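Whatever order the structure lists ligands and atoms in, that order sets their numbers, starting from 1. This one's a predicted model, so the numbers in the text were calculated from it and none came from an experiment.
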Amino acid sequence: METICEKIAALGPDESFYSFEFFPPKTDSGVQNLVARLRRMAQLNPLFVNITWGAGGSTATKSLDIASLCHSQLNLTTCLHLTCTNMAKSVIDEALAKAKANGIRNILALRGDPPRGDEYWTPSESQEFLYAVDLVRYIRKEYGDYFCIGVAAYPEGYADSQTPEEQDPKIDLPYLVEKTAAGANFIMTQLFFDTDKFIDFEHTLREHESGLFKTIPIIPGLLPINTFQSFIRTAKLSHAHIPDRVMEKLNAVPSTDDEQVKQVGVEVLTEMIHRIYTETKHRVRGFHFYTLNLERSIALILDRSDIVKAPSRHTPKSNLPAASTVSIDTLIADGVKDIKLDAASPASTEISLAADPSWDDFPNGRWGDPRSPAYGEIDGYGITLHVPANKALELWGSPSKSSDVSELFIKYLNGTLDVLPWSEQEGLSPETKIIEDDLVKLNNLGLWTVASQPAINGVPSNDPVFGWGPPNGYVFQKSLIEFFVPEAVWLKLKNKLQNDDKLSYYASNSRGDFMSNMTASDVNVVTWGVFPNREVVQPTVIEEQSFKAWSEEAFAIWKEWQRLYPRDSATSDLITNIYDTYFLVSIVHHDYVNTGALWEFLQL
Ligand code: FAD
């Protein structure tokens, strides 16, 4: 199969193209449903698809298997992302060898997480790979021209090590020059919403004295706007500037109405594509979509845009049977051998891509439906503290005893600390403010709360605090709480919970010891809404599979935090102790009519 560069070179002078990025889903059912989604999205004729790579190789097997599936069964030109830091060199070697053996000819060569200091370097990691350029050189040395190699670029400057004020693409330019000179064939950018900045960046590159960027494909990375909250959060985390024009458009619709927000997002992206294409005089004619494993926004953009159209000659021919059952022997190494598209699962229903909202169209991070391919994805490529190391140290200092940690959680609740390692947003949401006193009490007792919601019983869907979804509906919530707690305290609380059938719980520790008073197939809907002319919508569910996936991640965040401190320091020892002896517990109270019930129960 041709490489990305060969395919671009073969396009006619007026032909544009687009590509899709997918990530390996967190749950097995998410993988099954991604296969169905990939098959549908292949019908949109992307020039190629990208499969991401979890930082440190955390998704190595899944990434490779999904990439191989795209290549060999869906006939899609496939680009595998590959990082090179914080993992053994053998993982890189295996990934490249397996990619080649499976016919994959495109690699996006990335650095990944910042390299660890000597303190945390383990002999299995190779010090040969400190930056993406090292990986580009290595691939060229080992594989010659077999792979078409892409590298990352940052139109607003690289964010992690600089404050937003210091961010400047010119600072990173020498490194992009180095990566390109080492053999990169195309450039793919970080997401952005400020079209002017991208256009300036493109001009700077094209005019660069090295001449390296005159004709190289520069492919802008575009993120569809799915919900208002996720848009703001992502822009903040990636230090992407939101131009006033975009904000004004979004502010013109209720931020709680996801469907209207999505429609504005489609308009914004369609306009960005149009401007980029015309103002770069078609030098930029390819557009990369960060799909987040969702399909509808993309389908709407392609439907609306005059620029991005499927080039007919690239129509892929799927080798998959049209029936609803697909067996892919190698897709998941961890026990799931047969990927079957469950005929009863919502994702296996063939839908018209740009028609009605699909079943998981409003992603809800780790609280969403774990069967969704988009389940759990909040911030991209793996466990992260969401802030650079120096900022993390400044924020959280060096706790040496558990009461210091309690203090941090309480500071977050009372607004004197913006973020915690587990927080999904800066500061408390207005609805959490309502239960702030109850939460502070729990944290004072050493129950470190990482998620919660108060009960509500039929609040209008446009309510400024609790509202979501289309107008003229009513929304409901059960109260829930999630916290880290020492094992001894948890076991006492568990006894109390056993005697009350109005409460359901999950608990797990870092070793994966798991406890619950539910069966594996039980599902707790904790947020639901009733709207005109549609079925009940349930965007937030809690069930075993998603809790287990989150618990693993929540404990891994402790380890990530620990990496900031020298080994054998008081903070490092404290975190080891917490990691080894605490449980993560999630409790739902079913009496949503009695809004104080959970907090009364937790008076320990
Ligand atoms: P580099 O090019 O190595 O640059 C990283 C930093 O080091 C920059 O500040 C650069 O200026 C500096 N630098 C580079 N070379 C040198 C040098 N020789 N000397 C001194 N400083 C230098 N992450 C994942 O884990 N998985 C993914 O699948 C993934 N996909 C991505 C896709 C895209 C399109 C983008 C934009 C990012 C992606 N990332 C992914 C995130 C990426 O791994 C991080 O942004 C990472 O921190 C930097 O990667 P890089 O390849 O740009 O690194």
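Taking every non-hydrogen atom of Thr52 and a distance limit under 4.0 Å, the qualifying atoms of ligand 1 come out as 28 (O). With ligand atoms numbered from 1 in the order given, ligand 1 contributes 24 (C), 25 (O), 26 (N) to contacts under 4.0 Å with heavy atoms of Thr83. Close approach of ligand 1 to Ala152 is summarised as follows: ligand atoms under 4.0 Å from at least one heavy atom of the residue are 35 (C), 36 (C), 52 (O). For ligand 1, the atoms closer than 4.0 angstrom to any heavy atom of Ala55 are 25 (O). Residue Glu178 approaches ligand 1 through these ligand atoms, each under 4.0 Å from one of its heavy atoms: 18 (N).
Scanning for ring-ring contact (aromatic ring centres under 6.0 Å, His included) contacts around Phe198 gives Phe192, with sequence neighbours left out.
Closest to atom 34 (C) of ligand 1 by heavy atom, among Phe129, Tyr290, Tyr175, Tyr154, is Tyr290. Among Trp53, Tyr131, Phe23, Tyr158, the residue whose heavy atom sits closest to atom 9 (O) of ligand 1 is Tyr158.
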List, one per line, each side-chain donor-acceptor pair under 3.5 Å for residues 174-187, sequence neighbours excluded.
{"unit_1": "Lys179", "atom_1": "NZ", "unit_2": "Ala152", "atom_2": "O", "d": "2.9"}
{"unit_1": "Thr180", "atom_1": "OG1", "unit_2": "Leu176", "atom_2": "O", "d": "2.7"}
{"unit_1": "Asn185", "atom_1": "OD1", "unit_2": "Arg140", "atom_2": "NH2", "d": "2.7"}
{"unit_1": "Asn185", "atom_1": "OD1", "unit_2": "Ile149", "atom_2": "N", "d": "2.8"}

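Of the N or O atoms in Asp113, none lie within a sub-3.5 Å distance of an N or O in ligand 1. Inclusion of Ala132 in the set of residues having an N or O under 3.5 Å from an N or O of ligand 1 is warranted. In terms of N/O distances under 3.5 Å, ligand 1 is approached by Gly112. Backbone and side-chain nitrogen or oxygen atoms of Glu21 are examined, and none is located within less than 3.5 angstrom of a nitrogen or oxygen of ligand 1.
In this structure, Ser510 OG and Trp558 CH2 are separated by 11.5 Å, a value rounded to the nearest 0.5 Å. To the nearest 0.5 Å, the span separating CZ on Phe129 from CG on Leu135 amounts to 6.0 Å.
We find that Arg111 and Asp134 are not joined by a salt bridge, their nearest charged nitrogen and carboxylate oxygen being 4.0 Å or further apart. Remark: Lys214 does not engage Glu207 in a salt bridge, criterion side-chain N to carboxylate O under 4.0 Å. The pair Lys98-Asp65 counts as a salt bridge, with a side-chain nitrogen and a carboxylate oxygen less than 4.0 angstrom apart.
Ring-centre distance between Phe287 and Phe289: not below the 6.0 Å cut-off.
Residue contacts with ligand 1 for Ile171 are absent, since no atom lies close enough (heavy atoms, distance under 4.0 Å). Contact annotation for Arg111 and ligand 1: heavy atoms of both the backbone and the side chain come within less than 4.0 Å of the ligand.
Counting only distance, with no hydrogens or angles, the side chain of Thr189 and the backbone of Tyr154 share no donor-acceptor pair below 3.5 Å.
Assignment of Gly221 to the shell around ligand 1 is not supported, since no heavy atom sits closer than 4.0 Å.
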